[in-house]
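Written below as structure tokens is the structure these notes are about.
In each ligand, atom 1 is the first atom listed, and ligand 1 is the first ligand listed.
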Amino acid sequence: MSLAREEIVKGLVNILGEDRVITDETVLKESSIDRYRKFEQCHEVYTQPIPAAVVYVKSTEEVRDVLMFANENGVNVVPRTGHSAIEGGLETALENSVVIDGSEMNQVLNVNTESMQVTCQCGVPLQSLEDSLREQGLTTGHSPQSKPLAQMGGLVATRSIGQFSTLYGGIEDMLVGCEVVFPGGQVCRIKNVPRRSVGPDIRHIVLGNEGALCFITEVTVKIFKYQPENNRFLGYRIKDMEKGFQALRQVMVEGYRPSVARLYDLQDAEMNFDWADGENVLLFMAEGPASITKATAEGIDEIVRKIEGVTPVDASLIETWFNHLNWGAEQIAQEKKEILATDNIGITTEISGCWDCIYKIYASVVERITNEVPDLTMIGGHSSHSYINGTNMYFVYYYNVVDCKPEDEINKYHNLINRIICEETVRFGGSIAHHHGLGKARAHYVWEEYGSSFYMLETLKHAFDPNGVMNMGTLIPVKHDKEHPWNF
Ligand SMILES: Cc1cc2nc3c(=O)[nH]c(=O)nc-3n(C[C@H](O)[C@H](O)[C@H](O)COP(=O)(O)OP(=O)(O)OC[C@H]3O[C@@H](n4cnc5c(N)ncnc54)[C@H](O)[C@@H]3O)c2cc1C
């Protein structure tokens, strides 16, 4: 039998004291959703169950005590750090949930310049960590567009990736060790070593768990030398998108490791580069020691110039563009103003696929969305993270919200578009989420995504969260309507 709202609040106050248990109605409403419901958020319309409280934890012991209280009393909890989620991971899907906010666990605990790793609590903002490392000539190499917003716990929990991933990898390549707490109260530490062969790599139970298995309290990530003076930039217009994918593939297959390798289709290019001139855009950046960046830039340039329909552009155009790429509170406030003024909204969905299917996914998604989605004003996208065997596609779409209440927008447009993207991606053999996580937005397609390996995910969920109190609805949906999978 679950507790009443007042009993939940009383239990939390007993653990944390009154000042760290927030029950203010506005805060609770704002904490019931994330940017997946951006249109509702802009209109201050809240359709999801409102949590019983938002609690601010300051130590591993407090996390443990709150989790044990929730676990014993069947209270759903939603872990949170930077609050920049965009796939519904922060939605409180069940009545009387508790949002556990780790943003006050914000201490950098150790910068180890000999073993080149930094240890910090879950609430350390990536931007401040990166700023302080750069002053010491160091970098994490992690640079998601949300760097001004996201914090270390959330970055690990979502399997995030940054703009320089082609050199440094995603967060899974950076995470060395961590401390996490499970709902039964078990505090587990995965120690920091360069590699191990002692059974399965259990870091991957933590990475991407999206708050549905455990609460991450501390992380250790690698650090690298920061040498911006050696950076090299390359930019090109390219007439044909399929040839653009071939260019990216060739650069990777020939063994080059640029930190950035991006391909914009002409619709997305038009929004980003005033010099695109109706063509697709390819761009690269090389980082590291001067001899390596020189060889990388020259090698890539030689490959790309041989491809039909390519026109090189001035490298300084790429550098200038890069310096204005990230989003913080200011850009989000500006976007809200524009959405309210125009009823035109822009959203993104990212997927991945091997080289043999990525163009097919891209082309069929664009075709279907163009034909099937009403009131569309733009559909396009870019590839921004490449590997030896494939790349991602980051679909960008805008539509006018017409004759529709704020609470109906998500089903009329956003979920319809997500469904098309997921269907086409699975049809051609890709993955439905490259780096934003499944959240609650794409959890409905988890069976289609995992196939026979869903058994492994489900078993993990049952084993680590037997009472089902960790972020219900994330990774695995609370309920699933096979007839209308996008209607949630
Ligand atoms: C403008 C913008 C640009 C973005 N660009 C990128 C990008 O380039 N690359 C990218 O990867 N993502 C990007 N994102 C998505 C988002 O920033 C990432 O998913 C980020 O990793 C979330 O971190 P956070 O600290 O804000 O986590 P939150 O938003 O607080 O939480 C995200 C998820 O992680 C869980 N979680 C949070 N903290 C913990 C914890 N301590 N323990 C367990 N679970 C936890 C939550 O329950 C939720 O499911 C972008 C978002 C925005 C708004």
Where the closest heavy atom to [atom] is concerned, which of [options] has it?
atom	options	answer
atom 3 (C) of ligand 1	His83, Arg80, Gln145	Gln145
atom 15 (C) of ligand 1	Met152, Gln163, His436, Gln121	His436
atom 42 (N) of ligand 1	Val180, Leu149, Ile216, Ile171	Ile216
atom 13 (C) of ligand 1	Ser146, Ser143, Pro125	Ser146

Between [X] and [Y], do the side chains contain an N or O donor and an N or O acceptor separated by less than 3.5 Å?
X	Y	answer
Glu409	Tyr399	yes
Ser143	Tyr168	no
Glu338	Gln334	yes
Asn344	Asn400	yes
Asn106	Gln151	no
His142	Ser160	yes
Glu319	Asn323	no

Give me the nearest non-hydrogen protein atom to [atom] as residue plus atom name, then the distance to 0.1 Å.
atom	answer
atom 43 (C) of ligand 1	Cys214 O, 3.3 Å
atom 1 (C) of ligand 1	Trp327 CB, 3.5 Å
atom 25 (O) of ligand 1	Thr81 OG1, 2.7 Å
atom 48 (C) of ligand 1	Leu90 CD2, 3.8 Å
atom 21 (O) of ligand 1	Thr158 OG1, 2.8 Å
atom 37 (C) of ligand 1	Gly154 CA, 3.6 Å
atom 49 (O) of ligand 1	Glu210 O, 3.2 Å
atom 7 (C) of ligand 1	Pro144 CB, 3.4 Å

Quick check, are the ring centers of His414 and Tyr36 under 6.0 angstrom apart?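 Yes, they do, as the ring centres are separated by less than 6.0 Å.
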Any nitrogen or oxygen of [X], main chain or side chain, under 3.5 Å from a nitrogen or oxygen of ligand 1?
X	answer
Gly82	yes
Ser84	yes
Ile161	yes
Pro79	yes
Gln151	yes
Ala157	no

Under 4.0 Å from ligand 1, counting heavy atoms only, is it the side chain of Phe215, its backbone, both or neither?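 Both of them.
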Structural part of Arg35 in contact with ligand 1, heavy atom criterion under 4.0 angstrom: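 The answer is the side chain.
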Close-contact set for ligand 1 against Ser160 heavy atoms, below 4.0 Å: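 In order of number, 11 (O), 21 (O).
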If you count the atoms of ligand 1 from 1 in the order shown, which ones are under 4.0 Å from a heavy atom of Ala85?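 The atoms of ligand 1 under 4.0 Å from a heavy atom of Ala85 are 29 (O), 32 (C).
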List in chain and number order the residues that pass ring pair (Phe, Tyr, Trp, His ring centres under 6.0 Å) with Phe39, two or more places apart in sequence or in another chain; answer none if no residue qualifies.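 Testing Phe39 for ring pair (Phe, Tyr, Trp, His ring centres under 6.0 Å), a comparison that skips the adjacent residues, returns His43.
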Applying a strict 4.0 Å limit to heavy atoms, is Asn471 in contact with ligand 1?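 It does, in that a heavy atom of Asn471 comes within the 4.0 Å cut-off of ligand 1.
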Tell me whether ligand 1 is touched by Ala212 - counting only heavy atoms on the residue side and a distance under 4.0 Å.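 Per 4.0 Å heavy-atom rule, Ala212 does not contact ligand 1.
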Could you point out which residue of Glu449, Glu350, Glu448 forms a salt bridge (Lys or Arg N to Asp or Glu O under 4.0 Å) with Arg442?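 The single option meeting the salt bridge (Lys or Arg N to Asp or Glu O under 4.0 Å) with Arg442 is Glu350.
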When the ring planes of Tyr264 and Phe273 are compared, do they come out parallel, tilted or perpendicular, using 30° and 60° as the limits?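 Tyr264 vs Phe273 ring planes: perpendicular.
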Is the Tyr394 ring parallel, tilted or perpendicular to the His436 ring (thresholds 30°, 60°)?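 Correct class here is perpendicular.
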Residue pair Glu458 / Lys461, side-chain heavy-atom distance below 4.5 Å: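 Glu458 vs Lys461: side chains apart.
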Residues 207-217 side chain polar contacts: donor-acceptor under 3.5 Å, at least two apart:
residue	atom	partner	partner atom	Å
Asn209	OD1	Gly211	N	2.9
Asn209	OD1	Ala212	N	3.1
Asn209	OD1	Leu213	N	3.1
Asn209	OD1	Cys214	N	3.3
Asn209	ND2	Val206	O	2.9
Glu210	OE1	Leu438	N	3.4
Glu210	OE1	Gly439	N	2.7
Glu210	OE2	Leu438	N	2.8
Thr217	OG1	Glu179	O	3.0
Thr217	OG1	Glu179	OE1	2.5

